[in-house]
Amino acid sequence: MQVERVVLRQINLPLVSPFRTSLGIEYEKPALLVQVTTSSGDGWGESVSGFDASYSSEYIEGTHDVMQRHLIPRLLAAPSVTASAVAPLLAPVKGHRMAKAALEMAVMDAELRSYGMSFATSLGAVTDRVPSGVSVGIMNSVPELLAAVSGYLDQGYRRIKLKIEPGWDIAPVRAVRERFGDDVVLQVDANAAYTAADARHLARLDDFGLLLIEQPLDEEDMRGHAALCRDLRTPICLDESIVSARSAADAIAWGACHIVNIKPGRVGGYLEARRIHDVCAASGVPVWCGGMLETGLGRAGNAALAALPNFTLTGDVSASDRYFATDITEPFVLRDGHLDVPGGPGLGVVPIPDLLDEVTTSMQELVRPR
Ligand code: SMG
Ligand code: MG
């Protein structure tokens, strides 16, 4: 298979409500979409980098730049490409995992469509629907938070994740527990907002029967996370720190996590995500699928990944309407607290042209040199 043409398309989707985390507030969701045309057909990919470089060092303009200058020319120059060959082909370019993930995703979509095989089958899915969790942003007040959580529970979400930061942690968690009871599967995500000096404060969360605390400390603070693993009763889950199968293996060996959040976009693609799943499975470490407010394209791939056997915890793979009034694909809907895993070829979904055009802010085409 040869890649003949790559179209980069930046889109901007309004959010149904602002999403606030310890990193800042988001009012809209930008995404850089990749459409590849290959000798075997077309495929779609999506980069999860955002407007600013707050979640990771990657950001959308940087993703666009590295793609057009360094990554896409390598793809277009390759005599033959498969999804598995993309990462080795792009490895001479260091880092930029979110950019690489989107390109691999697009090639994988084209390749699998040509075989008539789904992402789920190709990755090794063992179920055709996955339980759906929801990530609840930081709110202005506890009553506002309780109203939001109540709405999500009414919709059937199977697990609630509360975003926390210093000043918004113990009180909101206590309020949610008191109001909705101990049966609600509840976890928190700090997006690296604390330091090792906050260990005693974080230990106060042990009273609330949380499933896990996600990424309390800086992404590079492995020693700090290992200390929290020893000192807290609540299991520690890593998100930002896990960027590859190697970093997952290291974090596990150092005792720096009990659980891993896998985001394909963060780790360089679905194939590396599967390797992380395998490393964790071999170590008895449960995983779950994180989210980056993906459009229906990324949501489709994430639902497929979440259907692998060691995804034993409910992921942040929510329905499209959690974030978007109108998605760019057929929307993912909640049915009995679950999302269906697409079974059609490739991602099993495609952008709807009119919807896509409405939210497109820029486009660039790169073609194979003759
Ligand atoms: O897709 O539902 C989603 C987003 C879930 O909370 C979510 N993601 O750290 O896990 C995380 C955050 C990162 C997104 S905010 C930059
Ligand atoms: Mg997180």
Side-chain angles (χ1 to χ4, degrees), residues 13 15-31 46-60 63 97-98 101 130-139 145 148-149 152 155 157-165 168-169 186-194 210-219 225 235-243 251 257 259-267 273 287-303 305-306 313-324 327 331-332 334 339:
L13 286 171
L15 296 181
V16 290
S17 55
F19 185 53
R20 177 170 160 206
T21 72
S22 66
L23 307 168
I25 308 186
E26 294 178 32
Y27 299 92
E28 42 193 14
K29 159 69 186 174
E46 170 176 355
S47 163
V48 301
S49 53
F51 282 128
D52 51 30
S54 60
Y55 171 82
S56 84
S57 62
E58 295 180 70
Y59 60 100
I60 195 158
T63 302
R97 291 180 169 90
M98 292 177 178
V130 291
S132 182
V134 61
S135 176
V136 186
I138 293 168
M139 305 269 165
L145 174 72
V149 171
Y152 291 130
Q155 288 174 50
Y157 281 105
R158 293 300 166 110
R159 186 225 68 196
I160 300 289
K161 159 167 141 181
L162 302 182
K163 289 292 192 178
I164 60 167
E165 65 181 3
W168 182 264
D169 44 25
L186 187 63
Q187 62 191 56
V188 295
D189 184 3
N191 287 110
Y194 297 88
L210 299 178
L211 185 61
L212 59 89
I213 301 177
E214 180 180 347
Q215 198 71 40
L217 311 179
D218 184 82
E219 65 181 71
H225 282 110
I236 302 297
C237 170
L238 290 179
D239 172 358
E240 286 90 325
S241 298
I242 305 298
V243 295
C257 64
I259 295 168
V260 170
N261 164 340
I262 303 182
K263 289 178 182 161
R266 184 192 70 227
V267 305
V287 304
W288 54 280
C289 185
M292 292 294 285
L293 298 83
E294 285 89 346
T295 73
L297 294 171
R299 218 161 278 278
N302 289 355
L305 182 73
L313 302 177
T314 301
D316 284 339
V317 196
S318 6
S320 298
D321 69 2
R322 156 70 184 90
Y323 292 110
F324 314 122
D327 204 333
F332 280 82
L334 210 55
L339 296 190

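First listed ligand is number 1; within each ligand, the first listed atom is number 1.
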Donor-acceptor pair, distance only, cut-off 3.5 Å: does the side chain of H225 make one with the backbone of L217? yes

Which of the ligand 1 atoms, numbered from 1, are nearer than 4.0 Å to a heavy atom of L293: 1 (O), 3 (C), 4 (C), 14 (C)

Using the side-chain contact (heavy atoms from CB on, under 4.5 Å) rule, pick out the option among V149, L210, L212, L211 that qualifies with L186. L210

Could you go step by step and tell me if E46 and R299 meet the salt bridge (charged side-chain N to carboxylate O under 4.0 Å, His left out) rule? CA-CA 10 Å; E46 170 176 355; R299 218 161 278 278; over 6 Å; no

So do S56 and R266 actually touch side chain to side chain, heavy atoms under 4.5 Å? no

Is D316 close enough to the Mg ion (ligand 2) to have an N, O or S atom under 2.8 Å? no

Is there at least one pair of N or O atoms, one from G291 and one from ligand 1, spaced under 3.5 Å apart? yes

Look at the side chain of D327 and the backbone N and O of G296, then say whether any donor-acceptor pair between them is shorter than 3.5 Å. yes

To make sure I understand the geometry: which N, O or S atom in D189 is closest to the Mg ion (ligand 2)? OD2

Quick one: does ligand 1 sit under 4.0 Å from the side chain of M292, the backbone, both or neither, non-hydrogen atoms only? both

When you draw lines from the Mg ion (ligand 2) to OD2 of D239 and to OE2 of E214, what angle lies between them, to the nearest 10°? 90°

I'd like to check which ligand 1 atoms, numbered from 1 as shown, lie under 4.0 Å from a non-hydrogen atom of D239. 9 (O), 10 (O), 11 (C)

Heavy atom of the protein closest to atom 2 (O) of ligand 1 (residue, atom name, distance): Y323 OH, 2.7 Å

Looking only at non-hydrogen atoms, which of K161, R20, R299 approaches atom 10 (O) of ligand 1 most closely? K161

Part of R322 with heavy atoms under 4.0 Å of ligand 1, whether side chain, backbone, both or neither: neither

Using a cut-off of strictly less than 2.8 Å, determine whether E240 has an N/O/S atom near the Mg ion (ligand 2). no

Flag E240 as yes when one of its N or O atoms lies below 3.5 Å from any N or O atom of ligand 1, and as no otherwise. no

Return a yes/no value for K263: is any of its N or O atoms, backbone included, closer than 3.5 angstrom to an N or O of ligand 1? yes

Ligand 1 to S135 polar contact by distance, N or O atoms, under 3.5 Å: yes

Nearest protein heavy atom with distance in Å, relative to atom 12 (C) of ligand 1: K163 NZ, 3.1 Å

For P131, does its backbone N or O pair with a side-chain atom of R158 as donor and acceptor, under 3.5 Å? no

Strictly distance-based, threshold 3.5 Å: is any side-chain N or O of R322 a donor or acceptor partner for the main-chain N or O of Y152? no

Side chains of Q215 and S241: any donor to acceptor distance under 3.5 Å? yes

With a 3.5 Å distance limit and no angle check, can you tell me whether E58 reaches the backbone of R97 through a side-chain donor-acceptor pair? yes

Interatomic spacing from CD in E26 to CZ in F51 - rounded to 0.5 Å: 8.5 Å

Within reach of ligand 1, part of N191 (heavy-atom separation under 4.0 Å): side chain

Under 4.0 Å from any heavy atom of E214, which atoms of ligand 1 are there? 10 (O)

Less than 4.0 Å between a side-chain N and a carboxylate O, is that true for K263 and E294? no

Heteroatom distance test (D189, ligand 1): nitrogen or oxygen, under 3.5 angstrom: yes

Check: V317 main-chain N/O paired with S132 side-chain donor or acceptor under 3.5 Å: yes

At what distance is the nearest protein heavy atom to atom 16 (C) of ligand 1, and which residue and atom is it? E26 OE2, 3.5 Å

